[in-house]
A.B. asks: 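Shown below is the structure under consideration.
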Amino acid sequence: MKKIKMTFYSKENCSLCDKGFSVLQQLTEEFPLDIHVVDIYKNEDLLEKYQIMIPVVVIDGEDVDFGILSKNKIRKRLLEKKG
């Protein structure tokens, strides 16, 4: 099965990001995810775009969820991708 590419925008020392990543790890039990973690503080454009939103989950260029991540919301989007 083809892996679903997902980008997880976060930063260091962010408890909300840690909780969000834990949600994604739970979803890897159901979906073949290829999670790419990006620290927004290493890129000015990303910092400007996502600073007050992180963590942010992006699938195929689409912002799927941010802040307090909803496992069900992300799962629903992954099920649509899986088709």
Side-chain angles (χ1 to χ4, degrees):
M1 188 184 290
K2 190 177 175 213
K3 288 200 167 206
I4 300 168
K5 291 187 185 297
M6 176 184 285
T7 305
F8 181 71
Y9 292 108
S10 91
K11 68 174 186 173
E12 289 182 22
N13 302 317
C14 167
S15 61
L16 202 54
C17 301
D18 295 341
K19 287 177 187 156
F21 192 72
S22 168
V23 167
L24 298 185
Q25 286 179 313
Q26 292 168 32
L27 287 167
T28 61
E29 295 167 15
E30 299 174 57
F31 300 94
L33 299 178
D34 179 9
I35 304 170
H36 180 62
V37 180
V38 177
D39 182 340
I40 63 166
Y41 278 83
K42 298 194 171 148
N43 180 308
E44 272 189 43
D45 293 335
L46 293 175
L47 180 59
E48 190 175 314
K49 183 174 181 180
Y50 293 122
Q51 186 171 13
I52 60 170
M53 293 171 64
I54 62 167
V56 179
V57 173
V58 177
I59 301 172
D60 288 341
E62 175 193 347
D63 292 2
V64 174
D65 203 6
F66 64 93
I68 298 172
L69 300 183
S70 163
K71 185 176 177 182
N72 287 334
K73 184 176 182 179
I74 298 168
R75 178 190 283 122
K76 184 175 179 224
R77 190 68 188 98
L78 288 168
L79 286 168
E80 290 169 8
K81 294 293 309 163
K82 206 167 145 185

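When a residue number appears, it is its place in the shown sequence, counting from 1.
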A.B. asks: Which residue pairs pass the disulfide bond (SG atoms under 2.5 Å apart) test with at least one member in residues 27-71, sequence neighbours excluded?
C.D. replies: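 Passing the test, one end in residues 27-71: no pairs.
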A.B. asks: Any disulfide bond (SG atoms under 2.5 Å apart) involving residues 34-65? Give me the pairs, sequence neighbours left out, ordered by first then second residue.
C.D. replies: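 Those involving residues 34-65 do not exist here.
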A.B. asks: Using a 3.5 Å cut-off and no angle test, enumerate the donor-acceptor pairs between side-chain atoms of residues 36-56 and protein atoms at least two apart in sequence or in another chain.
C.D. replies:
residue, atom, partner, partner atom, Å
Asp39, OD1, Tyr41, N, 2.8
Asn43, OD1, Asp45, N, 2.9
Asn43, OD1, Leu46, N, 3.0
Tyr50, OH, Asp63, OD1, 3.1

A.B. asks: Taking salt bridge (Lys or Arg N to Asp or Glu O under 4.0 Å) as the definition, give me every residue that meets it alongside Lys5, ordered by chain and number, with sequence neighbours left out.
C.D. replies: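 With sequence neighbours excluded, Lys5 shows a salt bridge (Lys or Arg N to Asp or Glu O under 4.0 Å) to Asp34, given in chain and number order.
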A.B. asks: Rounded to the nearest 0.5 Å, how far does CG of Leu78 lie from CD1 of Ile59?
C.D. replies: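 The CG atom of Leu78 is 4.0 Å from CD1 of Ile59, to the nearest 0.5 Å.
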A.B. asks: List for me each residue that meets side chain to side chain donor-acceptor pair (under 3.5 Å) alongside Asp18, sequence neighbours excluded, and say none if there are none.
C.D. replies: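 Asp18 satisfies side chain to side chain donor-acceptor pair (under 3.5 Å) with no residue once adjacent residues are dropped.
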A.B. asks: Sequence neighbours left out, cut at 3.5 Å: what donor-acceptor pairs do the side chains of residues 8-15 make with other protein atoms?
C.D. replies:
none

A.B. asks: Is there a continuous path of hydrophobic side-chain contacts, each under 4.5 Å between heavy atoms, that joins Val57 to Leu16?
C.D. replies: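 Unlinked, Val57 and Leu16 end up in two clusters.
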A.B. asks: Would you list the atom pairs, donor with acceptor, under 3.5 Å between side chains in residues 23-33 and any protein atom, with sequence neighbours excluded?
C.D. replies:
residue, atom, partner, partner atom, Å
Gln26, OE1, Lys71, NZ, 2.9
Thr28, OG1, Gln25, O, 2.5
Glu30, OE1, Arg75, NE, 2.9
Glu30, OE2, Arg75, NE, 3.4
Glu30, OE2, Arg75, NH2, 2.8

A.B. asks: Say whether, by atom type as modelled, one donor and one acceptor occur between the side chain of Asp65 and the main chain of Ile74 under 3.5 angstrom.
C.D. replies: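 Not confirmed, Asp65 side chain does not pair with Ile74 backbone.
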